[in-house]
Amino acid sequence: MTATATEPEMPLQDAPADLAIATKGLTKRLSGVAVVDGLDLAVPRGSVFGFLGPNGSGKTTTIRMLLGLIAPSAGEVRLLGQRLPSGGSAVLPDVGALVEGPAFYPWLSGRDNLARYDRVGRDSRRADRGARVDSALERVGLSAAAGKRYRAYSLGMRQRLGLAAALLRPRRLFVLDEPTNGMDPQGTREIRHLIRDLAAEGGTVFLSSHLLGEIEQVCTHAAIINLGRLLTQGPLHELQALGPVRLRVETDDVVGAAAVLQRLGLLDVAQRDGSVLAGLDGRVPEDVCRALVLDGIGVREFVQERPSLEDAFVSLTGEGFDVAR
Amino acid sequence: MWRAELGLLLRRVRIKALLGVLALVPIGVAVAVRVAGGGPDPGSGPRFLDQVSRNGVFAGLAALTVTVPFFLPLAVAVVAGDAVAGEANLGTLRYLLVRPYGRTRLLVAKGMAVIIFCLLAGLVVAVAGVLAGVALFPIGPVTTLSGTTLSLTAGIVRILGASLVVGASLLGLAAIGIFISTLTDAPVGAMAATAGVAVLSGVLDAVPPLHALHPWLLTHWWLSFGDLLRAPVLWTDILRNLGLQVVYIAVFASAAWARFSTKDVLA
């Protein structure tokens, strides 16, 4: 997994006014267990912020607290400067959310479902409801299926309709929980484009996922949590730098190359499919390459692999990125 | 806002079927009387049923008598029990709340929709009964329980009034149902528990040693609507019934609000 931050950098500032989401000591205990434990999140305005953690690490519980669906056991939440849950009625109209999968009325069409959600808000004007609904449907590519009952929608279509509900009006913040769940690669690509567009329009996107690769492709910032605790957060490139830099050498003499790397004291030397992998552990790659060539090893490819978020996670926890509990 | 909730309710096949069944019961009763060549002997059988073959409009009242103990409370249990738990079960509750749909506002809108459903259910039974009676039997001026005679129009107005009293007497049960509905994410459980409350009340009402309790039972005054067919109207029991419903509504609507306004929505 080679990763590059393709998005422009956003400065992380400490003043709460510059934060779209700020939590302090956010804690939720459910039947005695701290599902979320002292979380301090700082999501800069304008960022695409990846909220990462294995399944069961407390992501959805955190999102439910961010949106005022559940009350924190301790700590506080500020969304666009407003305290939740008390300021919910003021700030939530500016927030588009997708929480733990889409949910709609199976006996209504896609269009009628969106109209229902639009209608129950105090800010809903009837005159342009139809236009709002149609443009949201078009944006997620569901116009053709708008009249079909939700019951008949595929998993990917349901996910798209969920996103359309989040897009019903201009928003300053999007909280999207696993938005590409159940989507095919084409759909996933479209969603990625959509997220970039939302950020380009000036919105902040808070994106939770257990798929590290997905986050690395769209996010400018990320936070990693495990077992309800924040492990780290910040600009993506800083997080990636937490992982070990690895070396991959492709050669016709795998055994010889491995021996040289071992002699040089590189970490975790492993052979795989005509190439040798090793942890660089602070050594200068040019020196390693020279040593290989001087030993008569034919080097076809010599790559310094940038650490991925997964590497960062593993080096932070000492465990694999798997179901936490 | 309640219009949105009522619209959502009435578009469900389940609710249409429920109202359809409520309309079929009085039609079935009227047809049975016709086929049997007359109702039960005067003074026996369910109240008003003995009058149906002489004056068709009484089928509306007989229909109310027949559906009040079971069909109507069941229909109310289905709708009230589903009010909040149904949204939780679909997962739509979390999207309504982040829309944001204030919790109190949502509860009030659901309550209004359930109230209208209760009144509508009573009306559907009475109207279906009257129409079936008119189609199958002779009609004419309505003889009251006191022996006086009302014009046909005045009689029908009284019958429709009786159906609204029946609808209103279901409101206490509706409030209990909405309260139970805020306790769970399983609508079927909430519906069954609500229906259970109605059955329990009916059973307790039939146990003589508990007579001190009887005037406070939810179902005790449910048949008082018949007093509208007296001359002059005997209001005592009707008002006791409605007053008791108000008490139940106050208690359980408050409980529902207290519960729902602080509930962690995990569904």
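Residue numbering restarts at 1 for every chain, and letters A, B, ... go by the order of the sequence lines.
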Colleague: Under a 4.0 Å N-O cut-off, is there an ion pair linking E5(B) with R116(A)?
Modeller: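 Here E5(B) pairs with R116(A) in a salt bridge, since their nearest N and O are under 4.0 Å apart.
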Colleague: Heavy-atom pairs under 4.5 Å with chain B: which of P85(A), A71(A), G68(A) has the most?
Modeller: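 Among P85(A), A71(A), G68(A), the one with the most close pairs to chain B is A71(A).
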Colleague: Given the options V13(B), L106(B), V98(B), which has more heavy-atom pairs under 4.5 Å with chain A than any of the others?
Modeller: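 Top option by heavy-atom pairs under 4.5 Å: V98(B).
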Colleague: What do you reckon, is CH2 of W257(B) surrounded by more than 12 foreign heavy atoms closer than 6.0 Å?
Modeller: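 No - once you tally the heavy atoms of other residues, nucleotides and ligands closer than 6.0 Å, there are 12 at most.
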Colleague: Other residues, nucleotides and ligands only: do more than 12 of their heavy atoms fall within 6.0 Å of CD on E138(A)?
Modeller: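 Result for CD/E138(A): open.
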Colleague: Which atoms of R3(B) are under 4.5 Å from chain A, going by heavy atoms: the side chain, the backbone, both sets, or neither?
Modeller: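 For R3(B), backbone and side chain are both near chain A.
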Colleague: Is D264(B) paired with R64(A) through a side-chain N to carboxylate O contact shorter than 4.0 Å?
Modeller: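 Answer for the salt bridge query: no.
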Colleague: Less than 4.0 Å between a side-chain N and a carboxylate O, is that true for D177(A) and R94(B)?
Modeller: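 Salt bridge: no.
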Colleague: Around K263(B), counting heavy atoms of other residues, nucleotides and ligands shown, do more than 12 lie under 6.0 Å from its NZ?
Modeller: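 Yes, NZ of K263(B) has more than 12 neighbouring heavy atoms, counting only those of other groups under 6.0 Å.
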Colleague: Under the side chain to side chain contact (heavy atoms under 4.5 Å, CB included) criterion, do Y101(B) and R119(A) qualify, and how do the steps go?
Modeller: CA-CA 10 Å; Y101(B) 197 161; R119(A) 184 175 181 183; over 6 Å; no
Colleague: Where do G88(A) and P100(B) come nearest, in terms of heavy atoms and distance?
Modeller: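 In terms of heavy atoms, the two residues are closest at O-CG, 4.1 Å.
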Colleague: When rounded to the nearest 0.5 angstrom, what distance separates CZ in R105(B) from OG in S89(A)?
Modeller: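 Separation between the atoms: 10.0 Å.
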Colleague: So R99(B) and D118(A), side chain to side chain contact (heavy atoms under 4.5 Å, CB included) or not? Walk me through it.
Modeller: CA-CA 8 Å; R99(B) 170 63 183 86; D118(A) 186 81; 4.1 Å; yes
Colleague: Below 4.5 Å from any heavy atom of chain B, which atoms of R122(A) appear? Answer side chain, backbone, both or neither.
Modeller: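 Answer is both: backbone and side chain atoms of R122(A) are under 4.5 Å from chain B.
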Colleague: Give the member of T262(B), L8(B), L93(B) that has the highest number of heavy-atom pairs under 4.5 Å with chain A.
Modeller: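 Max contact count across the listed options: L8(B).
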Colleague: Quick one: of G101(A), A165(A), A97(A), who has the most non-hydrogen atom pairs under 4.5 Å with chain B?
Modeller: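 That would be G101(A).
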Colleague: Could you list all the side chain to side chain donor-acceptor pair (under 3.5 Å) pairs where at least one residue sits in residues 71-85 of chain B, not counting sequence neighbours?
Modeller: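 Non-adjacent pairs meeting side chain to side chain donor-acceptor pair (under 3.5 Å): R12(B)-D82(B).
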Colleague: Which word best sums up how the rings of F104(A) and Y95(B) line up, parallel for under 30°, tilted for 30 to 60°, or perpendicular for over 60°?
Modeller: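 F104(A) vs Y95(B) ring planes: parallel.
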Colleague: CZ of F71(B): more than 12 outside heavy atoms within 6.0 angstrom?
Modeller: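 No, the 6.0 Å shell around CZ holds no more than 12 heavy atoms from other groups.
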Colleague: Take atom CZ of R29(A) as the centre, draw a 6.0 Å sphere, and report whether it contains more than 12 heavy atoms from other residues, nucleotides or ligands.
Modeller: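 Count not over threshold, so no.
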Colleague: Out of curiosity, L266(B) CG to L30(A) CG, how far, rounded to the nearest 0.5 Å?
Modeller: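 If I round to the nearest 0.5 Å, the distance is 6.0 Å.
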Colleague: Is it the side chain or the backbone of L168(A) that comes within 4.5 Å of chain B heavy atoms, both, or neither?
Modeller: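 Interface part for L168(A): neither.
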